[in-house]
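Below: one structure, written as structure tokens.
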Amino acid sequence: MKYGKAIAAAATDWQQAFIATNLLAIGYNAWAGYLGGERGALICSTNSPAVGMTGESFNSYFIRRSRLAAFLNAWLVAPDTVILRHHFMNAHILEAVDSYNPMTELVFLMESFNQVTFFYLKNLPISPPQCYEQVCKTWEEFQPAICALQKNVVS
């Protein structure tokens with residue numbers, strides 16, 4: 001029994017480390033998605049990382065609340081995805097999306113191999129709007145034309 005707990009703890013540790021390492025990008029994407037018009041959940045897959053000069057990057061998608069139920073149901077149909085296979089879990093995720101405070105929290109689903117883990121991230125050391133601001137400041141330093149274009153779209 002201790003071995004099973006140790007494996008579960010190791011899985012949680014790497015996921016927490018992944019979130020901590022990528023919090024700026026996670027918060028940026030959550031806030032950018034929210035600026036698109038409604039609450040939602042950020043989905044990130046670690047299955048096919050792109051490796052470049054700056055390290056690994058992962059695909060992430062912001063799914064709006066209005067499309068989230070259909071997305072979760074379609075995801076559950078995939079035979080190789082072990083995601084919260086109980087209907088009540090979908091309801092729990094949708095409830096979290098309906099009630100989270102986008103200014104200080106975010107809903108995050110992380111796919112790893114054939115498993116998906118649900119995170120309701122609260123009490124973050126940096127808020128999603130601050131993450132967005134920090135990433136935009138960095139982009140302004142390196143790619144001023146892109147950031148200027150984004151400001152026009154967001155305004």
Side-chain angles (χ1 to χ4, degrees), residues 8-9 11-50 52 54-76 81-113 115-155:
T12 301
D13 289 346
W14 86 260
Q15 291 169 334
Q16 290 176 351
F18 178 89
I19 291 169
T21 301
N22 295 287
L23 185 58
L24 204 59
I26 292 168
Y28 167 84
N29 284 306
W31 188 249
Y34 175 71
L35 289 177
E38 68 182 279
R39 295 168 188 243
L42 186 65
I43 314 297
C44 178
S45 175
T46 62
N47 288 347
S48 301
T54 58
E56 292 179 315
S57 63
F58 303 92
N59 291 327
S60 63
Y61 311 91
F62 184 85
I63 309 296
R64 294 177 176 197
R65 171 57 176 93
S66 59
R67 297 182 178 157
L68 188 57
F71 173 82
L72 290 173
N73 288 333
W75 209 2
L76 288 172
T81 302
V82 180
I83 176 179
L84 323 166
R85 291 211 178 264
H86 305 287
H87 177 70
F88 72 88
M89 227 20 222
N90 280 2
H92 181 69
I93 293 168
L94 296 173
E95 182 180 311
V97 169
D98 289 339
S99 64
Y100 82 102
N101 179 351
M103 294 290 293
T104 59
E105 304 168 338
L106 61 96
V107 175
F108 182 62
L109 293 161
M110 183 166 49
E111 178 183 41
S112 173
F113 299 105
Q115 229 175 349
V116 176
T117 308
F118 166 66
F119 296 93
Y120 186 161
L121 301 177
K122 300 178 178 185
N123 302 316
L124 299 167
I126 182 170
S127 72
Q130 291 170 325
C131 292
Y132 184 86
E133 184 179 316
Q134 289 297 319
V135 170
C136 277
K137 281 183 183 177
T138 303
W139 277 351
E140 283 179 353
E141 291 176 25
F142 298 102
Q143 300 173 357
I146 292 173
C147 208
L149 178 63
Q150 284 184 333
K151 284 181 181 175
N152 289 337
V153 171
V154 172
S155 298

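Numbers here simply count residues along the sequence, with the first being 1.
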Who are the side-chain contact (heavy atoms from CB on, under 4.5 Å) partners of Asn101, not counting sequence neighbours?
-> Met103, Thr104, Glu105
Ser66 meets the side-chain contact (heavy atoms from CB on, under 4.5 Å) criterion, sequence neighbours left out, with Glu38, Arg64
From CG (Leu109) to CD1 (Ile63), nearest 0.5 Å | 9.5 Å
With sequence neighbours excluded, tell me which residues meet side chain to side chain donor-acceptor pair (under 3.5 Å) with Arg65.
-> Asp98
Measuring from Gln130:CD to Leu124:CG, what's the distance to the nearest 0.5 Å?
-> 10.0 Å
At what distance, to the nearest 0.5 angstrom, does CG of Asn22 lie from OH of Tyr28?
-> 15.0 Å
Which distance, rounded to the nearest 0.5 Å, do you find between the CD1 of Ile26 and the SG of Cys131?
-> 9.0 Å
Rounded to the nearest 0.5 angstrom, the OG-OH distance for Ser99 and Tyr120 is 4.0 Å
With sequence neighbours left out, what residues match Glu133 under side chain to side chain donor-acceptor pair (under 3.5 Å)?
-> Lys137
Atom of Arg39, atom of Phe62 and distance for their closest heavy-atom approach = C-CZ, 3.8 Å
Quick one: list whatever passes ring-ring contact (aromatic ring centres under 6.0 Å, His included) with Phe18, sequence neighbours left out.
-> Phe58
Are the side chains of Asn29 and Tyr61 in touch, meaning some heavy atoms are under 4.5 Å apart?
-> no
Could you pull out the closest heavy-atom pair between Tyr132 and Ala32, with the gap in Å?
-> CE1-CB, 3.9 Å
Nearest heavy-atom neighbours spanning Leu106 and Pro128 | CD2-CG, 4.0 Å
Counterpart residues, side-chain contact (heavy atoms from CB on, under 4.5 Å), relative to Ser112 (two or more places apart) | Trp14, Thr46
Tyr34: what forms a ring-ring contact (aromatic ring centres under 6.0 Å, His included) with it, not counting sequence neighbours?
-> Trp31
Atom CD in Glu111, atom OG in Ser60: separation rounded to 0.5 Å?
-> 12.5 Å
